[in-house]
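Start at 1 with the first residue, then count along the sequence.
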Amino acid sequence: MNGPGPGWRHPDAWRDARAKLEEGAGRFRAGTRGLLLPLFTWPLLPDAVIEIARGNTRGVVAAALGLGLPLLALRTLRRGRAGDTRRAAVLMAVATGLVAGLGAQMGAPLAVLLAAGAWAGTRLMYDGAVPEVEAPPPPAAPGPLDEARARLSRIAAAPALTGVTGAMAAVLDDLDARPDRLPLARRFLAVHLDGLERIADRLHAGAEPPPGMPKLLEDLQSAAEELRARLRAEESAALDIQVKVLAERLRQEGYA
């Protein structure tokens with residue numbers, strides 16, 4: 001008497017084969033998602049040629065919309081984002097209603113009925129066929145100092161520029177805290193970053209630092225520290241004015 005076949009002895013093999021088959025079918029279904037939508041409109045191609053030959057502008061517009069909207073529905077459907085099936089169904093309904101009303105000159109009730117059928121058919125075909133995902137959140141808008149920080153990080157890769165890049169990073173930190181002070185330092189940042197980038201490029205290319213380079217870097221670092229001190233002095237002066245104004249108001253109101 002024959003024993004059980006290999007499939008019965010190895011049920012895991014059947015499960016693996018079934019899982020691979022389902023995976024392949026899922027990939028095929030996702031790859032062909034929505035391709036039937038424009039195929040449904042192929043009769044409009046010869047109709048468009050006939051309407052052009054007749055000079056029927058209304059028919060040409062109806063055929064163009066009937067061909068174009070399903071293509072837009074296809075593009076929408078293949079994105080696979082949440083709600084795209086509903087959007088594609090609406091586009092197919094609009095295309096069907098316009099072709100029926102404008103091209104075939106059917107009555108409004110019949111055109112609406114056909115549009116509803118196209119909407120329902122699209123939903124039945126593609127609802128739940130492929131998991132839809134939420135649209136990714138838009139990228140955060142770049143900050144006013146992001147470019148300067150990116151340039152400074154590339155410059156800091158040169159060990160010889162560590163001191164001046166540290167001073168520049170401190171300036172950027174202060175400007176991050178008070179972005180309204182950025183216009184005062186914009187030209188300073190442009191000039192210093194441009195010069196330091198050229199120096200860093202030469203150093204990366206293998207150039208030997210000239211004798212005057214340490215003095216130049218010292219001057220650039222001093223200028224950055226002076227700018228930082230000036231910005232902080234302006235903040236201190238603004239705070240002093242606010243304190244005086246508040247003290248005067250309290251005195252006028254009789255609270256001090």
Handout entry: Sequence neighbours excluded, every pair satisfying ring-ring contact (aromatic ring centres under 6.0 Å, His included) that has a member inside residues 193-223
Key = none
Exercise for the section: Hey, could you give me each pair passing ring-ring contact (aromatic ring centres under 6.0 Å, His included) that has a residue in residues 74-120? Not counting sequence neighbours. Expected result: none
Handout entry: Verdict with reasoning, V99 to L65, per side chain to side chain contact (heavy atoms under 4.5 Å, CB included)
Key = CA-CA 8 Å; V99 170; L65 291 174; 5.9 Å; no
Fill in the blank from the handout: Rounding to 0.5 Å, atoms CD (E147) and CG (L152) come to a distance of 12.0 Å
Handout entry: Within one Ile-Leu-Val-Met-Phe-Trp-Tyr cluster: L44 and V60, side-chain cutoff 4.5 Å
Key = no
Problem - Stepwise salt bridge (charged side-chain N to carboxylate O under 4.0 Å, His left out) test for D176 and R149 - result: CA-CA 11 Å; D176 261 339; R149 288 195 182 278; 2.6 Å; yes
Problem - V245 vs R249 side-chain heavy atoms within contact, under 4.5 Å - result: no
Exercise for the section: Would you kindly confirm whether V164 and I155 end up in one hydrophobic cluster when ILVMFWY residues are joined by side chain heavy atoms under 4.5 Å apart? Expected result: yes
Handout entry: Distance-minimising heavy-atom pair for L114 and T96
Key = O-CG2, 3.6 Å
Taking distance alone, no hydrogens or angles, what donor-acceptor pairs closer than 3.5 Å link side-chain atoms of residues 193-200 to residues at least two apart or in another chain?
unit_1 : atom_1 : unit_2 : atom_2 : d
D194   : OD1    : R151   : NH2    : 2.5
E197   : OE1    : R151   : NE     : 3.3
E197   : OE1    : R151   : NH2    : 2.8
E197   : OE2    : R151   : NE     : 3.0

Handout entry: More than 12 heavy atoms from other groups under 6.0 Å of CD on Q252
Key = yes
Fill in the blank from the handout: To the nearest 0.5 Å, atom CD of Q221 lies from atom OG1 of T165 at 8.5 Å
Fill in the blank from the handout: Taking every heavy atom of T41 against every heavy atom of P70, the minimum-distance pair comes out as CG2-CG, 3.5 Å
Exercise for the section: Flag the pair L161 / M213 as yes when at least one side-chain heavy-atom distance between them is below 4.5 Å, and no otherwise. Expected result: yes
Handout entry: Heavy-atom closest pair, residues G101 and R58
Key = O-NH2, 3.7 Å
Completion exercise
Interatomic distance, CG@L91 vs CZ@R75, rounded to 0.5 Å, equals 11.0 Å
Practice task
Could you tell me which non-hydrogen atom of A62 sits nearest to which non-hydrogen atom of L102, and how far apart they are?
Solution key: CB-CB, 3.7 Å
Handout entry: Stepwise side chain to side chain contact (heavy atoms under 4.5 Å, CB included) check, L175 with L189
Key = CA-CA 11 Å; L175 292 174; L189 293 175; 3.9 Å; yes
Completion exercise
dist E226:CD -> D219:CG (nearest 0.5 Å) comes out at 9.5 Å
Problem - Trace of the side chain to side chain contact (heavy atoms under 4.5 Å, CB included) decision for V61 with L98 - result: CA-CA 9 Å; V61 171; L98 289 174; over 6 Å; no
Practice task
Please report the shortest heavy-atom distance between A158 and L203, naming the atom on each side.
Solution key: CB-CD1, 4.3 Å
Practice task
Quick one: which residue pairs count as a ring-ring contact (aromatic ring centres under 6.0 Å, His included) with a foot in residues 174-203, not counting sequence neighbours?
Solution key: F188-H192
Exercise for the section: Please step through side chain to side chain contact (heavy atoms under 4.5 Å, CB included) for the pair R86 and R123, ending with a clear verdict. Expected result: CA-CA 7 Å; R86 295 193 301 272; R123 294 294 299 269; 3.5 Å; yes
Handout entry: Results of side chain to side chain contact (heavy atoms under 4.5 Å, CB included) for P43 - residues two or more places apart only
Key = none
Problem - Joint hydrophobic cluster, L77 plus L71, side-chain heavy atoms closer than 4.5 Å - result: no
Problem - Distance in Å, L72 CG paired with L67 CG, rounded so as to fall on 0.5 Å steps - result: 13.0 Å
Handout entry: Pairing of E248 and R251 as salt bridge, 4.0 angstrom limit
Key = yes
Problem - Closest non-hydrogen atom pair between L217 and A160, with its separation - result: CD1-O, 3.5 Å
Problem - Pairwise ring-ring contact (aromatic ring centres under 6.0 Å, His included) hits with a residue in residues 207-247, at least two apart - result: none
Problem - Hphob cluster co-occupancy, V94 + V112, side-chain heavy atoms under 4.5 angstrom - result: no
